[in-house]
Amino acid sequence: QAILQKFTNDIQRIVDASELGELSRRLPVDQYVGEWQTIIVGLNTILDEAEGPINAQAITLQQLAGGDFSARITESFKGEHNRVKDAINNVAEIIDHSTREIQRQNWLKTGLSELSERIRGDMSLPDLTYEVVSYLVNYVNAQIGAMYLWNEHEKKLVLTGSYAYEFRKNLSQQFALGESLVGQAALEKRFILLTNLPDDYVRITSSIGQILPRNVLVLPVLHKGILKGVIELGSLDEFSQQSLDLLNLAVESIGMAIIV
């Protein structure tokens, strides 16, 4: 009779604590023996299984509220707990996607605005092309860049501005349409992206030595469909889709700024 009364009192304390939101309270296993102890262990296991999903949900919601929109519930649950988990993860995915899209749009707008500011006003073509190349290289985290302007009289693309570019005797600084990647991009009027370049490609120079770009992007610069030049960028890492989107938008304003 005494053990039954104790069991009833302990159960009531668990119920009272749960009503107050104290889900971590457990029955005292060491105060029971035999079959009663087995019953207590079983009840505590049930409480653990109920508390686990709630804790996981609470932790994930706290992470989302703190700005960690990559947070997800990864544990597997049963029944309604699993339905709640899926709902929270779906909301987190929507928030994460929306936030990344807003950040992407802001990044694009900032890049285009800053580039426009850099090339505004009267300046020589060498100065203009250097401003363009140096800004784009730094903004998209490339390491090397060059800009060729179309010379209508000579029918060639002439290297006019560069950034961290090593001038080598065996590398031409002028290209006809269809000649090399620069001339091919100009001829087709579309960008060319190459990855995993060979070791004999152009080197990037710095105060500490030379390194090789592994990825190259070549973009024709057009204004109203008329060829104005070509921009070539080299990077140790692959160009992200975000960077490609920016560069495709940027060449439009660059083409308007070039007066040849």
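Excluded from the calculations below are hydrogen atoms, water molecules and symmetry mates; all remaining heavy atoms, backbone and side chain alike, are included.
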TODO: Find out if a path of hydrophobic residues (ILVMFWY) with successive side-chain heavy-atom gaps under 4.5 Å connects Leu249 to Ile231.
DONE: yes
Open item on the list: To check you understand the geometry: which heavy-atom pair defines the closest contact between Ala257 and Ile119, and what is its length?
Closed with: CB-CD1, 3.8 Å
TODO: Test Ile226 against Trp150 for side-chain contact (heavy atoms from CB on, under 4.5 Å), laying out the working first.
DONE: CA-CA 10 Å; Ile226 299 174; Trp150 175 247; over 6 Å; no
Open item on the list: Let me confirm one number: the NZ-CZ distance from Lys85 to Arg72, rounded to the nearest 0.5 Å.
Closed with: 12.0 Å
Task: Over 12 non-hydrogen atoms of neighbours within 6.0 angstrom of OH in Tyr130 - done: no
Task: Gap between atom NZ of Lys189 and atom CG of Leu177 - 0.5 Å precision - done: 9.0 Å
Open item on the list: What's the separation between atom CZ in Arg104 and atom NZ in Lys109, rounded to the nearest 0.5 Å?
Closed with: 10.5 Å
TODO: Assess whether side-chain contact (heavy atoms from CB on, under 4.5 Å) is satisfied between Lys228 and Val221, documenting all intermediate values.
DONE: CA-CA 5 Å; Lys228 292 292 184 178; Val221 179; 4.2 Å; yes
Open item on the list: So which atom in Val133 and which in Gly145 form the shortest heavy-atom distance, rounded to 0.1 Å?
Closed with: CG1-C, 3.4 Å
Task: Check: Thr60 side chain, Ala56 main-chain N or O, donor-acceptor pair, under 3.5 Å - done: yes
Open item on the list: Show the nearest heavy-atom pair for residues Pro220 and Ala186, with the distance to one decimal.
Closed with: CB-CA, 4.4 Å
TODO: Flag yes if more than 12 heavy atoms outside Asp122 fall under 6.0 Å of its CG atom; otherwise flag no.
DONE: no
- [ ] Establish whether Val91 and Ile94 are linked, either directly or via other cluster members, by ILVMFWY side-chain heavy-atom contacts under 4.5 Å.
- [x] no
- [ ] May I ask you to test the Ile144-Val137 pair for a side-chain heavy-atom distance under 4.5 Å?
- [x] no
Open item on the list: With side chain to side chain donor-acceptor pair (under 3.5 Å) as the test, pick out the partner of Glu101 among His97, Gln105, Gln103.
Closed with: Gln105
Task: More than 12 heavy atoms from other groups under 6.0 Å of CE on Met256 - done: no
Task: Minimum heavy-atom distance Leu236-Asn215, with the two atoms named - done: O-ND2, 3.5 Å
Open item on the list: Quick check: closest heavy atoms across Trp107 and Tyr139, and the distance to 0.1 Å?
Closed with: O-OH, 2.7 Å
TODO: Check the pair Asp245 / Gln241 against side chain to side chain donor-acceptor pair (under 3.5 Å), numbers first and verdict last.
DONE: CA-CA 6 Å; Asp245 292 341; Gln241 185 58 53; 2.9 Å; yes
Task: salt bridge (Lys or Arg N to Asp or Glu O under 4.0 Å) involving Arg118 - partner list, sequence neighbours excluded - done: Glu131
Task: Least distance between heavy atoms, Leu128 atom then Ile258 atom - done: CD2-CG1, 4.0 Å
Task: Identified side chain to side chain contact (heavy atoms under 4.5 Å, CB included) partner of Ile254 from the options Leu219, Leu247, Leu136 - done: Leu136
Open item on the list: I need the Leu149 CG to Leu157 CG distance, nearest 0.5 Å.
Closed with: 8.5 Å
Task: Short side-chain to backbone donor-acceptor contact, Asn89 and Ile73, under 3.5 Å - done: yes
Open item on the list: If I take atom CE from residue Met123 and atom OG1 from residue Thr129, how far apart are they, to the nearest 0.5 angstrom?
Closed with: 10.0 Å
Task: Side-chain donor-acceptor contact under 3.5 Å, Ser235 with Asp237 - done: no
Task: Flag if over 12 foreign heavy atoms under 6.0 Å of CD, Glu75 - done: yes
- [ ] Output the distance between atom CG (Asn141) and atom OG (Ser240), rounded to the nearest 0.5 Å.
- [x] 8.5 Å
Open item on the list: If hydrophobic clusters are built from ILVMFWY residues whose side chains come within less than 4.5 Å, do Val216 and Leu187 share one?
Closed with: yes
Task: Which residues share a ring pair (Phe, Tyr, Trp, His ring centres under 6.0 Å) with Phe69, sequence neighbours left out - done: none
Task: side-chain contact (heavy atoms from CB on, under 4.5 Å) between Phe175 and Val230, worked out - done: CA-CA 10 Å; Phe175 298 101; Val230 171; over 6 Å; no
Task: Short side-chain to backbone donor-acceptor contact, Ser113 and Thr110, under 3.5 Å - done: no
